Amino acid sequence: MLSRIADSLYWMSRYVERAENTARLLVSRLPLKTGGGGPDTRGTLGFWEPVLERYGGLSLYYSLYPEPDRTSPVAFLVSDADNPDSIRSSIGRAHENALLARSRISNDLWKTINDMWQTISAVHTPGQTDGISANPAKMIIKASLLFQALTDSTLPHDEGYSFIQAGKLLERASQTSRLLEIGITTPSPTSTTEAADNSRWRALLHSCNAFEAFHKSFPGDPSPARIVEFLLSSASFPRSIRFSLAGLEEHLENLIRWTNPPAAGQALEVTATLLSEIRSPSLREVPPSETSPFLASLNEKLARLNNTIIQTSIFREDHDPDEKSAQEQQQQ
Amino acid sequence: MFHDYSTDGFYDEMFIDSGQPRPHYRRLFEFFRNLDRQAFEQKRSAIGQTFTRQGITFNLYGDPDGTERIFPFDLFPRIIPGGEWNSLTRGLEQRITALNCFLEDVYSRQRILKEGVIPAPYVLGARHFRRECMDVPVARDIRIHVCGTDLIRDAHGTYRVLEDNARCPSGISYMLENRKALERAFPGLFREMGVRPVSDCATELLRVLHHIDPRRSGNPTAALLTPGVYNNAHFEHTFLARQMGIEVVEGCDLVVRDDILYMRTTRGLRRIDVLYRRINDDFLDPEVFRRDSRLGVPGLVRACRAGNLSLANSIGTGVADDKVLYAFVPAMIRFYLGEDPLLSNVQTYLASRGADRSHILENLRHLVVKSANEAGGYGMLMGPVATRREIEEWRRRIKADPRNFIAQPPVTFSRHPTWTGSACEGRHIDFRPFILNGAAITIPAGGLTRVALERDSLVVNSSQGGGSKDTWVLPDGS
C-alpha cells in the first residue's frame, strides 16, 4: 500500500473517532445546562470552561465570542470552522483524508463519511444552535458507529485495516483521558449539592458511553474512585484507556508481522510501557482528585506515541498549502 | 411534458418540428409523455441525492470556499441512432489516427513541415510543443491514448468537430455515472430500446495502459497520477483507478532512481511501468518543465527517455490541441492517410494569416474569437454579444499576438429538450465521445453530452453553468 494512503487511513480514522467523542461529550452535557435562555451566567460558563479549554482553547473561544451567550459553547464545539477541535473541523479533516484514500476504502464507507461532512457542513447558523444543536451531534455519533461497522465488514482486514484501527484506538485512549480530566476538574453547574455532583459523574460516564457498563461492573458503588478506575483500567470495557492501548498493541504487532515498518517496534515498546503503567496496582490508590497530573503526562506520552507512529512507520511529506491553486489548474 | 415545447427554429435533436418527434426518439417521447410530473420529480431528486452521497461533485475555480457542487444532470437522454453512430466513429477513428501520425512526425522527422503542408512556425512556436521530446520514441508509437473530441451539430444537423482534447481529457467517469443513474431511473427503457452499454470502458482503458508496457513483461504496474484532492476532476481520478484496480498516486508518492519510476509503499519502493497521468506536461517534471512544480516528480522525463516508463497520454500531445493547428487537421488527414476527412471542422480564420487577420479585425462583431491554448470555455470573445469595450480589448490583443488567436463564425449548437426546473425547454448541447487508442481503437458507445442550462447560452462547460446528459446509442439498423 502507498505510504501516503496508510497515513490518510490513520488520520481519517483518528478524526472520525475524535468527532464522535466531541459529539458524545456535548450530548452528555446538554441536560446539565440549567436555567432558561438569555445571557450567560457565571454558572454555565464555569461549567463549560474545562471543556472549551480542551477543545479549542479558552482564548480562541473568547476571541471568537466576545459576548458569549448560552448557545456559544455549543456553536464553538459543533459547527465553528475556526475552532480546529470542533466537530466540523474534525469531520472536515476526516473527509479530506478519506478523499485521499478514496481508492482504498469501500464505497459504503466513503458514502458514510461524505454524509457526515454534508450534514455537519450544512450546520453553520450562529444563534440557531440552541435546541437543534444536539441533532447533528447525535447524527455524528450514529454515523461514526456505522463507520466502525463498515470498516469491520466491508474492508479486508489487512495492513490498511490495521492503520485504521491504530488511528482509532490511539485517539480513543487520548479522548477518554481528556474526558476524565474534564470530569475531574469540572465544577458543578449550579451548586455543590450531592445531587449536582452525582450528575457530573453521570455525565462523565455518558460521555464515554460507559454508564451501563460501569453499573454492571460495579453495582451499587458509583463512587468517583471506581468510575476513574473503570475508565482508566477496565480490561473489558472498549473505551477504557487500557483496553484501547491493548488493541493498539495488537495492531502494531500485525503491522510488524506484515510489512515490518522500521520503527513500529519502537511504537510497540512505548505502548507496552504505557500499558504496564496503567495496569499497575499503585495507580488505584491515587484519589480521583489527584489523578490529573497522571492524565496530563499520559496525554503527552500519547502525543509522542502518535509522532512515533506517523513519522517513522508511515512515510509522510508535508503538503504545501500553495499547492492547492496549482492543483486546481490541471484540467481540460 | 412537451405541450408547450418549441424548437424555436433551431436544429432540435428530438423534434423535427414542434410536437413531432424524430423516429429514434418516438419511444422516449411516448414514455415521457405518459410519465406524471410527480414520478419525474421523484426520479430527479433521487439521482441528485445519489450524486451528492457519492461525492460526484466538482469544485469551482476561484471559489474561496471550495464549495462542492454536484455535476448538474438532466434526465432526458440524448439518443444517437446506430447508423449515425457508426459513421461518427469512423470519422473519429480517422481523426485520432491522423493526429497520432502528426505527433509521431513532428517529434521526429517533421515531414509535414518540410513539405510545407503546415508552416513550421505554427508547430515549433506552439505553446504545447515540447522540443524536450524530440526524437524520444514512445511505446508502440502511440502518443494519444485517450482523446475526448468535442463535437457539435450545426443548424443543419451536421456533426462538426469543435476541438480535440488530446492532453488529459475529463469526463469518462461522468459518462459512466450518468449511465448508472439513468439505468436505475428507467430500467425498462434500456432493454426495450436496446441501448448499447458503455460499462466496459474502464477495462478497455486498462488494456490500453497494459498495451504500452515499456518492458512488455505482460504484467506491468500501472498507476494514475493525480494533482490531488483539490483538482476538480479528483472524483474521476479515484473513480477510474478503482474501476481499473490501480493506485492513485501524487507527486509526493513518486521517486525516480536510476531512471526508473517508483512509488513509495509501506513495503518499500515499487516500480511503475505505465503512468496514466492527469497532470499537464508543465507540471510533470521540475527537472525539465516548471521548476516550481511539486505535483510531478523530478526525473520522470529521464525515465521516459530511458524507455523505462510509458505515459498516457505522452508528453507533447498538447500541440495537437492548439486551435491554430486544429485548422490543419483536415490537411493532416489528407497528408498522412491520403483520405478525405469524414468529419468536418468549423470554418476557422487564423489571425496570423494576413488575409484572415483583416477579415477578423473587420468582423469582430460577427465572429467568435478564441485563444489558441485555453480549455474549459475560457479565453473566448463572443462577438455578437460582446460590449464595445470588450471588442476593442480583443482587437488590441489580436494585433499584439496574432499567432495566439483564431476566429470562427458563430455556430449554433443543436438543441435538446431539457428540464429547467419548471418546464421542458430546448437547450444547446455538444457531445464529447472518448476515443481509446491501444492495440485497436475503441470508442465506448456513448459519451458525455454537455448541455448549456442557461437559456440561449452556448457555454456547456461544467465550470460555467453547464450540465450533462446520458447519451444512448441504439443498435445498428435503428
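Only a predicted model underlies this, so the values are computations on that prediction, with no experimental measurement involved. To find a chain, count down the sequence lines: A is the first, B the second, and so on, and within it residues start at 1.
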### Query
Just how far is it from atom OG1 of B/Thr238 to atom CZ of A/Arg104, taken to the nearest 0.5 Å?
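Between B/Thr238 OG1 and A/Arg104 CZ, I get 13.5 Å after rounding to 0.5 Å.
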### Query
How many angstroms lie between atom CZ of A/Arg102 and atom CZ of B/Phe239, to the nearest 0.5 angstrom?
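If I round to the nearest 0.5 Å, the distance is 9.5 Å.
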### Query
B/Glu247 versus chain A, heavy atoms under 4.5 Å apart: side chain, backbone, both or neither?
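Side chain only.
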Are any of the side-chain heavy atoms of [X] and [Y] separated by less than 4.5 Å?
X	Y	value
A/Leu2	B/Met263	yes
A/Leu100	B/Glu250	yes
A/Lys111	B/Gln54	yes

### More than 12 heavy atoms of other groups within 6.0 Å of B/Arg271 CZ
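It does: B/Arg271 CZ has more than 12 such atoms within range.
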### Message
Are there over 12 heavy-atom neighbours, none belonging to B/Arg270, within less than 6.0 Å of that residue's CZ?
### Response
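No, the 6.0 Å shell around CZ holds no more than 12 heavy atoms from other groups.
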### Message
Given A/Ser103, which partner from the list B/Arg242, B/His237, B/Met244 fulfils the side chain to side chain contact (heavy atoms under 4.5 Å, CB included) test?
### Response
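The option that passes is B/Arg242.
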### Task
Show your working on side chain to side chain contact (heavy atoms under 4.5 Å, CB included) between B/Thr266 and A/Met1 and close with a plain yes or no.
CA-CA 6 Å; B/Thr266 49; A/Met1 162 178 312; 4.1 Å; yes
#### Entry: A/Ser106: side-chain hydrogen bond (donor to acceptor under 3.5 Å, both in side chains) partners, not counting sequence neighbours
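Per chain and number, A/Ser106 pairs via side-chain hydrogen bond (donor to acceptor under 3.5 Å, both in side chains) with A/Thr154.
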### Non-neighbouring partners of B/Asn313 that pass side-chain hydrogen bond (donor to acceptor under 3.5 Å, both in side chains), sequence neighbours left out
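So B/Asn313 forms no side-chain hydrogen bond (donor to acceptor under 3.5 Å, both in side chains) with any residue.
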### Task
Work out which heavy atom in A/Glu96 is nearest to a heavy atom in B/Tyr230; give both atom names and the distance.
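Closest pair (atom of A/Glu96, atom of B/Tyr230, distance): OE1-OH, 3.2 Å.
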### Minimum-distance pair of heavy atoms, taken over all atoms of A/Asn114 and B/Arg53
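Taking every non-hydrogen atom into account, ND2-O, 2.9 Å.
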### Task
Examine whether an atom of A/Ile113 lies under 4.5 Å from a heavy atom of chain B, and if so say whether it belongs to the side chain, the backbone or both; otherwise answer neither.
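Neither part; nothing is under 4.5 Å.
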